[in-house]
Amino acid sequence: MKPLVLYNTRTRSKEIFEPIEAGHARVYTCGPTVYAPQHIGNLRSQLLADLLKRALLAQDYRVTHVINITDVGHLTDDADAGEDKMERAAAERGKTAAEIAAQYTEQWLRDRERMGCLAPEVLCKATEHIAEQIALVEALERNGFSYRIDDGIYFDTSKFSRYAEFARLDLEAQLAEGRIGDVPGKRNPADFALWKFAAPDVRRQQEWDSPWGRGFPGWHIECSAMSRRYLGDQFDIHTGGVDHIGVHHTNEIAQSECADGVHPWVRFWLHNEFLNFRGEKMAKSTGNLYVLDDLSDRGIAPLAFRYFSLQAHYRQQQTFTDEAIESAATGYDRLVNHAAELREADGERRADKLEPLRERFWDAVWDDLNAPRALAVTWEAVRSEGLNPAERWALLSEFDAFLGLDLQNATPRSQTTESDPRIDGLLAEREAARARRDFAESDRIRDLLVEEGISIEDTPDGPRWRRG
RNA sequence: GGCGGCGUGGCCAAGUGGUAAGGCAGGGGCCUGCAAAGCCCUGAUCCCCGGUUCGAAUCCGGGCGCCGCCUCCA
């Protein structure tokens with residue numbers, strides 16, 4: 001098998017993937033912050049993680065995939081005055097922070113599954129790993145990378161010489177523009193909180209005891225702490241959105257490399273680009289978004305959204321428009337139809353006929369998870385004149401291990417799975433009319449059913465109908 | 001101010017040195033009593049200018065336009 005090549009943000013180049021431990025790929029994905037519903041733009045990062053995992057599995061690696069749930073509130077900005085989003089959402093909705101977190105975690109897990117994303121081996125919540133986070137801060141303290149101010153325990157970025165390396169930051173130049181709402185006492189503008197002290201006059205729902213007093217963890221420490229617990233001091237791949245490169249991932253690296261004295265902490269970093277909508281990124285903060293249920297309400301299946309997403313490479317921004325998603329839904333519908341028709345085909349499967357398409361498909365996958373190219377080969381397989389139905393199905397079912405479009409369970413949209421005596425009766429009448437070439441009558445019956453939203457297809461095996 | 005990305009047929013979008021994948025929509029045809037479904041055929045020289053090269057959408061330089069990060073953010 002050819003090697004898997006991935007674009008590594010750390011080196012800004014494509015590299016052949018090789019795990020630290022032979023045969024075992026350890027992957028960490030930055031999951032959602034569950035103070036609000038996750039929209040379809042957010043889901044794109046799960047798609048990247050899923051395609052990666054499927055490619056690794058296709059390469060016969062054992063995969064340990066860890067995803068975190070951030071169920072403790074981060075602040076709306078860096079300053080004391082910053083509100084905690086989780087607490088704010090709870091107050092607005094008259095619920096507890098835990099209830100808010102549970103609600104959106106559940107929605108996210110459901111959406112993920114509906115979109116065909118494989119479940120992670122470990123799903124870990126920040127609030128259930130406070131001890132690990134405290135332990136990591138203690139390690140940083142021991143190693144001399146932290147300092148205490150009124151507001152909390154902070155990481156001293158000037159002590160970590162590689163701090164600017166990963167994101168290729170120009171800290172001086174950034175300084176010129178200034179940071180918003182900075183905290184008094186910070187030694188360097190880029191320094192960030194490891195542990196925040198609870199304000200004496202405010203009672204928070206989410207705060208814990210620590211060696212430094214009551215408070216709550218900083219907003220990067222959880223990923224360092226939980227990945228360390230489940231994947232060890234060093235691991236293979238870390239995924240997330242491009243927005244995380246400059247701050248979140250930069251700070252994770254600083255924490256982990258300084259706490260454990262390792263480098264590189266993570267070998268490969270994969271980042272997905274954003275989904276654009278109405279001329280800007282889809283975002284919670286502006287309300288410029290759709291959630292998966294919005295699409296479902298419009299008759300667009302979650303897997304049609306997956307199909308839509310597969311049409312663009314994960315490292316490119318993708319434009320979401322109504323026309324584009326509806327086009328994708330149509331395309332997905334047709335692909336499923338083909339799969340359903342081919343699924344039970346018997347016949348010879350000639351390896352020499354299958355090989356060229358198989359090779360092109362997997363070459364696309366191994367080339368930095370190029371789903372659009374893989375999808376194009378899939379369509380070629382569907383329509384390849386040189387292949388019999390059994391061969392086409394052999395390819396489709398194999399390819400779906402990566403595509404994740406659930407083609408194995410494809411049901412033709414025009415093959416009813418229910419039976420309705422009245423409709424079946426009308427269809428029989430129509431067939432009788434057709435037999436005696438009374439087309440006025442047969443068309444009248446069809447129009448009648450069409451008005452009820454039932455469409456009819458005449459096939460060599462007789463008529464089929466479906467609703468909708 | 002720093003960093004990153006993009007501009008390919010009506011729409012979405014691959015391709016990053018050898019004369020433009022795929023899907024959707026449109027047009028034409030086949031099939032059908034008619035439809036539907038399906039199948040076949042059909043359209044772009046790649047934002048602009050200059051350069052390198054035998055040859056560039058693809059490399060370099062300069063423009064114009066657009067998106068993102070630098071503050072929570074996929």
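Letters A, B, ... mirror the listed sequences (proteins, then strands); counts begin at 1.
Here the separation of B:rG23 from B:rU19, taken at their C1' atoms, is 25 Å to the nearest Å. Taking atom C1' in both B:rA14 and B:rG22, one finds a spacing of 7 Å when rounded to whole Å. Across the C1' atoms, B:rC39 and B:rC31 are found 8 Å apart, a figure rounded to whole Å. The gap from the C1' atom of B:rC47 to that of B:rC64 amounts to 8 Å, rounded to the nearest Å. For the C1' atoms, the distance from B:rG43 to B:rG9 is 7 Å, rounded to whole Å. Using atom P as the reference point in both B:rG15 and B:rC6, the two lie 10 Å apart (nearest Å). Comparing the C1' positions of B:rG26 and B:rC49 gives an interatomic distance of 34 Å, to the nearest angstrom. Here the separation of B:rG17 from B:rG7, taken at their P atoms, is 16 Å to the nearest Å.
Contacts of A:F361 classified as ring-ring contact (aromatic ring centres under 6.0 Å, His included), with partners at least two apart in sequence or in another chain: A:F399. Partners of A:E359 by salt bridge (Lys or Arg N to Asp or Glu O under 4.0 Å), not counting sequence neighbours, listed by chain and number: A:K2. In terms of the salt bridge (Lys or Arg N to Asp or Glu O under 4.0 Å) criterion, residue partners of A:R446 (sequence neighbours excluded) are, by chain and number, A:D443. Applying the salt bridge (Lys or Arg N to Asp or Glu O under 4.0 Å) test to A:R110 and every residue at least two apart in sequence or in another chain returns A:D293. In terms of the salt bridge (Lys or Arg N to Asp or Glu O under 4.0 Å) criterion, A:D150 has no residue partners (sequence neighbours excluded). A search for ring-ring contact (aromatic ring centres under 6.0 Å, His included) contacts involving A:F235 returns A:W265, not counting sequence neighbours.
Annotation: cation-pi geometry not satisfied between A:R12 and A:Y7 (NZ/CZ under 6.0 angstrom from ring centroid, within 45° of ring axis).
In this structure, A:D170 atom CG and B:rC70 atom P are separated by 16 Å, rounded to whole Å. Computed from coordinates, the A:F320 CZ to B:rG68 C1' distance equals 19 Å when rounded to whole Å. One atom, CG of A:N42, and another, P of B:rC73, lie 11 Å apart when rounded to the nearest Å. Rounding to whole angstrom units, CG of residue A:D363 and P of B:rG15 are separated by 14 Å. Regarding A:H249, its NE2 atom lies at a distance of 16 Å from the C1' atom of B:rC3, rounded to whole Å. Computed from coordinates, the A:L270 CG to B:rA74 P distance equals 18 Å when rounded to whole Å. Computed from coordinates, the A:R373 CZ to B:rC12 C1' distance equals 19 Å when rounded to whole Å. What separates NE2 of A:H271 from C1' of B:rC69 is a distance of 11 Å, to the nearest Å.
Contact annotation for A:K284: backbone-only contact, meaning every heavy-atom pair under 4.0 Å involves sugar-phosphate atoms and none involves a base. Within the 4.0 angstrom heavy-atom criterion, only backbone atoms of the sugar-phosphate kind lie near A:T319; the bases stay farther away. Looking at heavy-atom distances under 4.0 Å, A:Q317 makes contact with a base. Residue-level contact check: A:I456 touches the bases, meaning some heavy atom is under 4.0 Å from a base atom.
Ranking B:rG33, B:rC40, B:rC73 by closeness to the A:E385 side chain, first place goes to B:rC40. Closest to the side chain of A:V247, from the set B:rC73, B:rC70, B:rA74, is B:rC70.
Remark: aromatic rings of A:F308 and A:Y332 are distant, center separation not under 6.0 Å.
Heavy-atom neighbours of A:D346 CG from other residues, nucleotides or ligands within 6.0 Å: at or below the threshold of 12. When the shell of 6.0 Å around CD of A:E99 is examined, it contains more than 12 heavy atoms from other residues, nucleotides or ligands.
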Donor-acceptor pairs are to be reported for all side-chain atoms of residues 274-285 of chain A against protein atoms at under 3.5 Å, with residues two or more places apart or in another chain.
none

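When both pairing distances are held under 3.5 Å, B:rU19 makes no Watson-Crick or G-U pair with any nucleotide shown. Pair assignment for B:rU58: none, as no Watson-Crick or G-U wobble contacts are both less than 3.5 Å. Pairing for B:rG65 goes to B:rC6, judged as Watson-Crick or G-U wobble with the two contacts each under 3.5 Å.
In terms of phosphate contacts, A:N276 brings no side-chain nitrogen or oxygen within less than 4.0 Å of OP1 or OP2 of B:rC6. Contact check, A:H338 against B:rC39: a side-chain N or O comes under 4.0 Å of OP1 or OP2. Taking only side-chain nitrogens and oxygens, A:S442 never comes nearer than 4.0 Å to OP1 or OP2 of B:rC34.
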Each nucleotide of nucleotides 22-31 of chain B classed B (base within 4.0 Å of a protein heavy atom), S (only sugar-phosphate) or -, in 5' to 3' order, makes BSSS------
Using nucleotides 43-47 of chain B, report all nitrogen or oxygen pairs with the protein that are shorter than 3.5 Å.
none

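Neither side chain, A:E252 nor A:S256, offers a donor N or O lying under 3.5 Å from an acceptor on the other.
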